[in-house]
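One structure is given below, encoded as structure tokens.
Counting starts at 1 for both ligands and their atoms, in listed order. Hydrogens, waters and symmetry mates are skipped; everything else that's a heavy atom, side chains included, is used.
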Amino acid sequence: MEKSELLYEGKGKKLFKIAGDDTQLIAEFKDDLTAFNAQKKSQEEGKGVLNNEISTIIFNEVMKHGIETHFIEKLNDRDMLVKKVDIIPIEVVVRNVATGSLSKRLGIEDGKILPFTLVEFYYKEDALNDPIINDDHAIIMELVDDRAELDVLRELGKKVNDILLPYFDSINLRLIDFKLEFGKTADGKIILADEISPDSCRFWDKDTNEKLDKDRFRQDMGGVKVAYETVRDRILGK
Ligand code: TMP
Ligand code: ASP
């Protein structure tokens with residue numbers, strides 16, 4: 001399995017075509033760390049390897065519970081073989097506890113447990129700073145074909161949460177919130193894509209509420225790599 005042309009470079013991954021294969025891509029996990037729409041940038045050696053490892057295990061976990069994803073196999077330390085999909089330009093954010101932009105935007109107390117799982121949509125467009133949108137915006141901008149597709153995104157977000165909340169709880173991590181991206185296969189099916197890692201999730205230690213995710217970078221707390229390693233080690237049962 002050889003990388004050919006670079007198809008797309010995002011903040012956390014590069015996507016490569018595979019010669020003679022129109023249905024699969026190779027995702028390479030980078031060591032770049034960015035926040036606030038890449039206004040803040042750094043590098044953390046080995047972060048890509050950790051995110052590839054963590055994402056692989058989490059994709060397998062949700063697939064075991066019947067969620068379809070773009071994941072095919074982990075090829076090596078940094079590379080993952082995935083199904084080629086058309087990414088829907090909506091970031092689906094699922095929240096169990098108020099923090100981050102939710103607390104900032106609405107003044108909800110940081111750390112407040114939400115009375116129910118909140119699903120939000122953000123328009124994936126760097127030039128606009130990924131603004132929050134509602135269903136009507138998504139339809140007007142033709143980000144999806146119809147409202148039923150938005151319901152599918154919401155339901156899949158909640159289903160992934162229902163699988164991952166007890167999973168992380170069992171390894172002493174609170175799943176505070178996370179961001180998912182979905183894509184459409186050639187036959188129009190909506191499947192989970194992108195990654196599930198400490199770059200895209202917030203994890204707090206169940207006993208101490210210590211932050212074990214990219215907030216350590218966003219908030220200049222240091223110890224980013226150790227935090228990602230802690231998540232990896234707990235997942236591996238170390
Ligand atoms: P937020 O509180 O900053 O809106 O973030 C909500 C969740 O989404 C959090 O787990 C971090 C994740 N996230 C991303 O993966 N990418 C992003 O660009 C942003 C803004 C958040
Ligand atoms: N993913 C965004 C960036 O890389 C924002 C974030 O995760 O805080 O800039």
Side-chain angles (χ1 to χ4, degrees), residues 8-15 27-44 47-48 50-52 54-55 58-59 62 69-70 87-114 117-134 137 143 153-154 156-158 160-161 163-165 167-168 173-183 192-205 209-221 224 227-228 231:
Y8 171 81
E9 179 158 5
K11 298 193 204 83
K13 292 184 294 302
K14 288 180 183 171
L15 284 176
E28 180 190 305
F29 285 73
K30 306 197 295 184
D31 284 344
D32 296 354
L33 265 171
T34 65
F36 314 118
N37 201 10
Q39 285 176 51
K40 179 169 173 158
K41 283 190 211 172
S42 184
Q43 282 240 324
E44 188 71 48
K47 188 215 61 158
L50 285 160
N51 277 358
N52 189 24
I54 294 167
S55 271
I58 302 306
F59 276 137
V62 298
T69 81
H70 73 158
I87 291 289
I88 297 171
I90 295 179
E91 300 196 342
V92 178
V93 170
V94 181
R95 301 182 189 265
N96 298 302
V97 174
T99 192
S101 72
L102 178 66
S103 292
K104 204 169 167 200
R105 191 171 54 247
L106 300 179
I108 303 175
E109 185 195 346
D110 199 292
K112 182 185 160 73
I113 296 171
L114 299 175
T117 303
L118 174 64
V119 181
E120 299 170 330
F121 295 146
Y122 293 79
Y123 177 35
K124 186 176 154 65
E125 175 56 64
D126 283 345
L128 298 173
N129 237 332
D130 296 350
I132 192 165
I133 54 170
N134 66 19
H137 296 125
L143 306 184
L153 297 181
R154 246 187 305 269
L156 286 171
K158 285 187 201 161
V160 169
N161 190 50
I163 297 163
L164 294 184
L165 257 184
Y167 174 83
F168 285 111
L173 291 173
R174 296 178 71 195
L175 178 60
I176 302 301
D177 57 30
F178 55 93
K179 183 262 301 179
L180 301 175
E181 292 183 28
F182 293 87
L192 183 59
D194 195 43
E195 66 183 86
I196 304 182
S197 74
D199 271 10
S200 62
C201 304
R202 287 193 175 99
F203 302 113
W204 294 358
D205 179 83
N209 279 333
E210 185 187 4
K211 295 180 198 293
L212 295 169
D213 55 64
K214 197 163 97 172
D215 268 354
R216 299 198 72 87
F217 171 67
R218 294 188 188 100
Q219 299 173 16
D220 289 319
M221 299 170 77
V224 176
Y228 284 45
V231 172

**OP:** Show your working on salt bridge (Lys or Arg N to Asp or Glu O under 4.0 Å) between Glu44 and Arg216 and close with a plain yes or no.
**Re:** CA-CA 12 Å; Glu44 188 71 48; Arg216 299 198 72 87; over 6 Å; no
**OP:** Is it possible for you to check whether Lys40 lies under 6.0 Å from the centre of the six-membered ring of Phe217, through NZ or CZ, and within 45° of that ring's axis?
**Re:** yes
Original post:
Among protein heavy atoms, which lies nearest atom 5 (C) of ligand 2, and at what distance?
Top reply: Phe36 N, 3.7 Å
Subject >> Atoms in ligand 1 flagged as close to Asp199, the criterion being non-hydrogen separation under 4.0 Å >> reply: 15 (O)
**OP:** Under 4.0 Å from a heavy atom of Phe178: give me the atoms of ligand 1 that qualify, with their elements.
**Re:** 10 (O)
Original post:
Is it true that Lys11 and Asp126 have a side-chain N and a carboxylate O under 4.0 angstrom from each other?
Top reply: yes
**OP:** Do me a favour and list the nearest non-hydrogen protein atom to atom 3 (C) of ligand 2 with residue, atom name and distance?
**Re:** Thr34 OG1, 3.2 Å
Subject >> Whether Asp177 side chain and Thr99 backbone form a donor-acceptor pair below 3.5 Å >> reply: no
**OP:** State, yes or no, whether a side-chain contact exists between Leu173 and Tyr167 at a heavy-atom distance under 4.5 Å.
**Re:** no
Original post:
Between the side chains of Asn161 and Asn96, does any donor sit under 3.5 Å from an acceptor?
Top reply: yes
**OP:** From the options Arg202, Arg95, Lys104, Lys179, select the one whose nearest heavy atom is closest to atom 16 (N) of ligand 1.
**Re:** Lys179
Original post:
For ligand 1, is any non-hydrogen atom under 4.0 Å from Glu181's backbone (N, CA, C, O), its side chain (CB onward), both, or neither?
Top reply: neither
**OP:** Identify the protein heavy atom lying closest to atom 17 (C) of ligand 1, giving its residue, its atom name and the separation to 0.1 Å.
**Re:** Glu91 OE1, 4.0 Å
**OP:** For atom 1 (P) of ligand 1, state which one of Gly100, Ala98, Ser101, Ser200 supplies the nearest heavy atom.
**Re:** Ser101
**OP:** Taking atom 12 (C) of ligand 1 as the reference point, report whether a protein heavy atom occurs under 4.0 Å from it.
**Re:** yes
**OP:** Would you mind telling me if ligand 1 is within reach of the side chain of Asp177, the backbone, both or neither, using heavy atoms under 4.0 Å?
**Re:** both
**OP:** Among all protein heavy atoms, pick the one closest to atom 8 (O) of ligand 2 and tell me residue, atom and distance.
**Re:** Arg218 NE, 2.7 Å
Original post:
In terms of side-chain geometry, is the basic nitrogen of Glu28 or Lys30 positioned less than 4.0 Å from the acidic oxygen of its partner?
Top reply: no
**OP:** Could you tell me which atoms of ligand 1, counted from 1 in the order shown, lie closer than 4.0 angstrom to a heavy atom of Cys201?
**Re:** 10 (O)
**OP:** Please indicate whether Lys112 has more than 12 foreign heavy atoms, meaning atoms of other residues, nucleotides or ligands, lying under 6.0 Å from its NZ.
**Re:** no
**OP:** Taking all non-hydrogen atoms of both residues into account, name the closest pair between Ser197 and Ile54 and its distance.
**Re:** CA-CG2, 4.3 Å
**OP:** Taking only heavy atoms of Arg218 into account, list the atoms of ligand 1 that are under 4.0 Å away from them.
**Re:** 11 (C)
Subject >> Atoms in ligand 2 flagged as close to Ala38, the criterion being non-hydrogen separation under 4.0 Å >> reply: 3 (C), 9 (O)
Original post:
Parallel, tilted or perpendicular: which fits the ring planes of Phe203 and Phe168, with parallel below 30° and perpendicular above 60°?
Top reply: tilted
Subject >> Any protein heavy atom nearer than 4.0 Å to atom 20 (C) of ligand 1 >> reply: no
Subject >> Nearest protein heavy atom with distance in Å, relative to atom 1 (N) of ligand 2 >> reply: Lys214 NZ, 3.7 Å
